[in-house]
Amino acid sequence: MIDITLPDGSIRQYPEGTSSMDIARSISEGLARKVLAARVNGQVLDAARPINQSANLQLLTWNDTDGKNTFWHSSAHLMAEAVESIFPGVKFWVGPPVENGFYYDMDLGDRKMNEEDLAILEKKMNELAKQNNVYVRKEISKNDAINYFTEKGDEYKLDLLSGLTDGEISFYTQGSFTDLCRGPHIPSTGLIKAIKLTSVAGAYWKGDEKNKMLTRVYGVTFPSQKELDEHLAMLEEAKKRDHRKLGKELGIFTMDDDVGPGLVLWMPNGTIVIEELEKLAKESENAAGYKRVVTPHIAKENLYITSGHLPYYEDSMYPPMELEGQKYYLKAMNCPHHHKIFAAEPRSYKDLPLRLAEYGTCYRYEQSGELFGLMRVRCLHMNDAHIYCTKDQFYEEFRAVNEMYLKYFKIFGVDKYVMRLSLHSPEKLGQKYVNEPELWKETEALVRDVLIRTKTPFVEVQDEAAFYGPKIDVQIWSAIGREFTLATNQVDFAQGRRFKLEYTTADNKGETPLIIHRAPLGTHERFIGFLLEHYAGKFPLWLAPMQVKVLPISDKFLPYARSVADKLKKADIRCEVDDRNEKIGKKIRDTEMMKVPLMLVVGEKEMNEDKVAVRRQGKGDQGTRPVDELIAELVYEIKERKETEA
RNA sequence: GCCACUUUAGCUCAGCUGGUAGAGCAACUGAUUUGUAAUCAGUAGGUCGUUGGUUCGAUUCCGACAAGUGGCUCCA
């Protein structure tokens, strides 16, 4: 007999070789029906695998991440079976679970798959699922596996096998489909009740663009139709929050074919948001000892040769224009310009740290396939600054920058973010990264030290650094689950030397400063894109393009409405009177849809008492208030940049 | 840049197998003077993304290009 310890700490005894599924059944039939896999001593295994010694056991269902992943991975096998029946001779690469479903990469040879095929595949998958075929595991020797796939002519699985060692290789078969797979899998295909294949896309083999492009099919499955319906409804909801849709509806920005892809035209409403963000940034940068600078949009080729950007960045810069025998580039970054400002005057250690900030417009020739609404554009406003400091000052400066990030996150209510310490890859020194192994080690340690000493949670990733030094990227998630890099905070040990930047030390020697590149708000484009989704277009009062709309009950109260609006304007509140000849219900509806935070309804009663009937966006009638009292409250709410109303 | 898909009025979308387009909302005009999420009526608005081809005839079929969307690669 063996002892099985369950998650609640209880211990049960079973004969040796009992499977997780047997144990589930011994607890209850209902549980057994839901079991997808099991975690045995920390390892996720098929529920059918026998347990040969005493162990900790957790039965995994749809409610466990690992259960869900097993379900989706098994669904990928089911899809592969369907694909094989419709595209005989197809070769498969890998089919992992992902955040919302699964995919399988495949080589279809000369054939192509389009969206119509997805419907056919879906139908086939449903048929196969109904057969309720069992996923059967078989351990196999490496030689036998190689022979099997050599005979099949499957170079992809042979490639996978080359990385595996004999004794750990297994095949899984369900119905007519057999795949090289480490598992685990769910008990049988019948558990998959609802199937939706979402898209077909190309994906480079092993993620390398030099390799062949495989066909990738994405799908998602559920244990019931109800859950699939809910998932689809959630996607519909997410669409409503999409910044591209909201940006259009709220008159934030537009793009135009004649202007060019990735080039944003900021409309008046969007420009107000930009100006409010800049106001915030200027306030906090002034308080933190930054100085503002302004630099041109173009520079001679030589500047980028000196900075070292050209060999790394040329492909993502707009091609140069030639004037008077000189090549000029549109700037893709502000740093070289700022370095020249540093170099323009002799600097002493007493001048450091020197913090130069600019809302410069940069131009990056992003690949056409990368462009994406406001999140990825070709003309971007960076919330940029460069801090020149000594090694001794580094800790404090880097810490202060981090603090600024956190302050902004608090204002905007960003609570989900990850600081990602991005390091270089030693094998790419001299190609992707400047060849200074010692300096890399030193600065990476400096940055890590700041994060550890300030107790900032972070993850480390290799091969994500800038060419001139390590960085911290801040990953955030928009309300509809889109992940992207918002801010970046980079250390640069390379450009200072390349530009021969120097300051005079206390003992009268020349020393190269360390440089911190930082952009806590990232770019206006990406940040406003994020905010639109974050707030679902309902900006807090201080950011809202239109803060207050005054709604007269009828034309008779227009003069009073205008006098209220004038008072608001005098208090620097952005407001407008809805002077259309419409009923009050219509005015309210339209103003609600434009997501204006406050509506002031004025009619006979309000006019006689010098009051307004206040209505908050999405919250309905808030009662009647004296005008001056309300204005004082709004001014305070705006000044404090309150996220929601007091 | 690569793979797949999409492109019809300002917006959201109809338009069966080829016979030069239609709705709702928005806009404009008029009536209505309105009390907390759509008052009524009328008018105007489109060389059906661009460009080649097939055809007696193309919004519809085929090709190229452009832009957009979902991915891959890249990235703030």
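Computed from a predicted model, the values in this text were never measured in an experiment. Every chain is numbered from 1, with letters handed out A, B, ... down the list of sequences.
Within 4.0 Å of D555(A), counting heavy atoms only, lies at least one base atom of the nucleic acid. Backbone-only contact: G207(A) has heavy atoms under 4.0 Å from sugar-phosphate atoms and none from a base. Counting non-hydrogen atoms under 4.0 angstrom, K245(A) reaches nothing in the nucleic acid. Within the nucleic acid shown, E582(A) comes within 4.0 Å of at least one base atom, counting heavy atoms only.
Dashed line: the shortest gap from a side-chain N or O of K210(A) to OP1 or OP2 of C2(B) is not under 4.0 Å. OP1 or OP2 of C72(B) has at least one side-chain nitrogen or oxygen of Y218(A) nearer than 4.0 Å. When the side-chain nitrogen and oxygen atoms of K619(A) are compared with OP1 and OP2 of A37(B), none of them lie within a distance under 4.0 Å. The phosphate of G68(B) (OP1 or OP2) has no side-chain N or O of R244(A) nearer than 4.0 angstrom. Residue K112(A) places no side-chain N or O under 4.0 Å from the OP1 or OP2 atom of C3(B).
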Distances under 3.5 Å between protein N/O atoms and the N/O atoms of nucleotides 45-48 of chain B, please, pair by pair.
none

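Secondary structure note: stems in RNA chain B built from 3 or more consecutive Watson-Crick or G-U wobble pairs under 3.5 Å occupy B:1-7 with B:66-72, B:10-13 with B:22-25, B:27-31 with B:39-43, B:49-53 with B:61-65.
Near-neighbour residues of RNA chain B inside residues 196-205 of chain A, defined by a heavy atom below 4.0 Å, number-ordered: S199(A), V200(A), A201(A), G202(A), A203(A), Y204(A).
A salt bridge is absent between R292(A) and E358(A); no separation between the charged side-chain nitrogens and carboxylate oxygens falls under 4.0 Å.
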